[in-house]
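One structure is given here, and the rest of the page talks about it.
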2 protein chains.
Amino acid sequence: MSIASDLLRGNTDTIILASLAEHDSYGYLINKEIMAKTEAQIELKDATLYSAFRRLEKEGLVTTYWGDEEVGARRRYYSITEKGREVYGQNKAEWQKAKQMIDSLLV
Amino acid sequence: MSIASDLLRGNTDTIILASLAEHDSYGYLINKEIMAKTEAQIELKDATLYSAFRRLEKEGLVTTYWGDEEVGARRRYYSITEKGREVYGQNKAEWQKAKQMIDSLLV
DNA sequence: CAAGATACCTCGCCTGTCAAGGTATCTTTT
DNA sequence: AAAAGATACCTTGACAGGCGAGGTATCTTG
């Protein structure tokens with residue numbers, strides 16, 4: 001059984017930023033990598049992913065450009081911005097705190 | 001700064017069940033106890049709390065009864081059911097797994 | 001007597017998730 | 001050569017949970 005999406009909510013953007021913090025990437029690949037790392041227990045549905053991208057772009061946390069594949073399907077790459085890295089750091093810190101607080105309530 | 005509600009979402013019901021697993025309680029008190037335990041970093045807004053109660057009741061995870069206060073504001077008490085304890089256990093396990101998975105993605 | 005704490009509740013908006021639908025290209029199988 | 005499956009993108013509309021804003025009633029304290 002995979003993780004309930006409500007438990008992921010609030011971390012989706014952070015998870016995407018984490019992926020982009022390592023290297024530029026594109027939707028399909030980000031998803032594959034997440035599934036690989038979590039043994040498919042976490043999967044971002046593509047509608048979720050693309051709405052997250054739009055949000056992140058709007059907030060200036062990522063930039064985007066089209067890949068120059070001469071063969072195969074086109075890819076839209078995303079790149080994390082300086083501001084994106086800052087927010088990523090803050091989000092991670094908040095996640096650490098949230099984890100701790102929730103744990104303190106669940107006996 | 002308190003915890004973003006999207007990080008709590010998915011744990012609200014579990015947090016309430018945790019509280020009721022210790023002793024019967026009522027809305028106002030549950031909230032106070034949560035705030036005390038987390039130094040006010042987690043706070044369930046009362047609209048959130050009452051909609052959660054309705055949900056939990058509907059699912060048969062809690063039962064409710066009016067307190068017999070002869071003085072002061074009336075209190076509606078909640079009691080966790082056997083099924084509630086089961087679900088609580090499952091939710092805790094899922095939370096443990098989710099934590100681990102998310103951590104494995106945030107480098 | 002006013003203010004604040006205790007204690008309950010509803011309505012309607014907002015946000016994020018996602019099922020369902022779509023397009024286009026390439027590879028593998030039949 | 002046609003079908004199936006993988007790669008890769010995207011939009012729309014419905015749904016659920018959180019919560020701001022509003023309300024009621026009682027008790028305590030300054």
Side-chain angles (χ1 to χ4, degrees), chain A residues 2-17 19 24-36 40-59 61-62 64-78 91 98 102, chain B residues 2-17 19 24-36 40-59 61-62 64-78 91 98 102:
Chain A
S2 63
I3 304 297
S5 63
D6 271 346
L7 285 176
L8 259 19
R9 195 164 175 148
N11 286 302
T12 339
D13 290 13
T14 313
I15 289 170
I16 294 171
L17 291 175
S19 186
D24 285 13
S25 192
Y26 56 97
Y28 195 80
L29 181 60
I30 289 175
N31 224 337
K32 288 283 159 195
E33 286 184 352
I34 289 171
M35 286 198 279
Q41 289 190 86
I42 292 187
E43 184 198 354
L44 303 179
K45 299 295 149 52
D46 60 349
T48 304
L49 194 63
Y50 292 115
S51 84
F53 281 144
R54 259 176 262 122
R55 201 161 53 232
L56 292 168
E57 210 183 337
K58 199 169 147 193
E59 288 165 7
L61 308 185
V62 304
T64 178
Y65 57 92
W66 285 102
D68 57 355
E69 293 71 35
E70 260 142 46
V71 79
R74 73 213 160 126
R75 297 174 181 163
R76 184 195 276 284
Y77 282 86
Y78 293 90
N91 287 1
I102 293 171
Chain B
S2 64
I3 304 298
S5 64
D6 271 345
L7 285 176
L8 260 19
R9 194 168 174 144
N11 286 300
T12 344
D13 290 10
T14 314
I15 288 170
I16 294 171
L17 290 176
S19 187
D24 284 13
S25 192
Y26 55 95
Y28 195 80
L29 182 60
I30 289 176
N31 224 337
K32 288 285 159 194
E33 286 184 352
I34 289 171
M35 285 197 278
Q41 290 191 85
I42 291 186
E43 184 198 353
L44 302 180
K45 301 295 148 53
D46 59 349
T48 304
L49 194 63
Y50 292 114
S51 83
F53 280 144
R54 258 175 266 121
R55 200 161 52 233
L56 292 168
E57 212 183 336
K58 199 169 148 195
E59 289 166 7
L61 309 185
V62 304
T64 178
Y65 57 94
W66 284 101
D68 58 354
E69 292 71 33
E70 260 141 47
V71 79
R74 70 211 163 128
R75 296 174 181 164
R76 184 196 277 282
Y77 282 86
Y78 293 91
N91 286 1
I102 293 170

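A note on names: the letters A, B, ... follow the listed sequences, proteins ahead of strands, and every chain is numbered from 1.
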Give the rounded distance in Å between these two atoms: [atom1] of [X] and [atom2] of [N].
| X | N | atom1 | atom2 | value |
| --- | --- | --- | --- | --- |
| Arg76(A) | dC10(D) | CZ | P | 5 Å |
| Tyr50(B) | dA21(D) | OH | C1' | 16 Å |
| Tyr77(A) | dC10(D) | OH | C1' | 18 Å |
| Arg55(A) | dC14(C) | CZ | C1' | 13 Å |
| Leu7(A) | dA16(D) | CG | P | 18 Å |
| Asp6(B) | dG18(D) | CG | P | 9 Å |
| Leu8(B) | dG17(D) | CG | C1' | 12 Å |
| Leu49(B) | dG17(D) | CG | P | 15 Å |

Original post:
Just checking Thr48(A): base, sugar-phosphate only, or nothing, at a heavy-atom cut-off of under 4.0 Å?
Top reply: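 The residue Thr48(A) makes base contact.
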
Is there a side-chain contact between [X] and the phosphate of [N], meaning an N or O under 4.0 Å from OP1 or OP2?
| X | N | answer |
| --- | --- | --- |
| Arg75(A) | dA8(D) | yes |
| Thr12(B) | dG18(D) | yes |
| Ser5(A) | dC18(C) | yes |

Counting side-chain heavy atoms from CB outward, which of [options] is closest to [X]?
| X | options | answer |
| --- | --- | --- |
| Lys45(B) | dG20(D), dT7(D), dC8(C) | dG20(D) |
| Trp66(A) | dT6(C), dC8(C), dC9(D) | dC9(D) |
| Arg54(B) | dT17(C), dT7(D), dT10(C) | dT10(C) |
| Tyr28(A) | dA8(D), dT17(C), dA19(C) | dA8(D) |
| Lys32(A) | dT7(D), dG18(D), dA7(C) | dT7(D) |

Subject >> Approximate separation, where rounding is to 0.5 Å, of Leu8(B) CG and Thr14(B) OG1 >> reply: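 The CG atom of Leu8(B) sits 10.5 Å away from the OG1 atom of Thr14(B).
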
Original post:
Could you state the interatomic distance from CG (Leu56(A)) to CZ (Phe53(A)), rounded to the nearest 0.5 Å?
Top reply: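 So the CG of Leu56(A) and the CZ of Phe53(A) are separated by 7.5 Å.
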
Original post:
Taking it one step at a time, do Glu43(A) and Ile34(A) satisfy side chain to side chain contact (heavy atoms under 4.5 Å, CB included)?
Top reply: CA-CA 7 Å; Glu43(A) 184 198 354; Ile34(A) 289 171; over 6 Å; no

Subject >> Ala52(A) vs Ala47(B), nearer the 5' end of DNA chain C by closest nucleotide >> reply: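 Upstream on the strand: Ala47(B).
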
**OP:** Answer with yes or no whether Asp46(A) presents, from its side chain, a donor or acceptor under 3.5 Å of a partner atom in the base of dC10(D).
**Re:**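 Pair found.
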
Original post:
Taking the inter-plane angle between the rings of Tyr65(A) and Tyr77(A) on a 0 to 90° scale, is it parallel (under 30°), tilted (30 to 60°) or perpendicular (over 60°)?
Top reply: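 Ring orientation of Tyr65(A) relative to Tyr77(A): parallel.
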
**OP:** Hey, which sits more toward the 5' end of DNA chain D by its nearest nucleotide, Arg9(B) or Phe53(A)?
**Re:**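 Its nucleotide being nearer the 5' end, the pick is Phe53(A).
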
Original post:
When you look at Ile15(B) and Ile30(B), which way does the side chain to side chain contact (heavy atoms under 4.5 Å, CB included) test go after all the steps?
Top reply: CA-CA 9 Å; Ile15(B) 288 170; Ile30(B) 289 176; over 6 Å; no

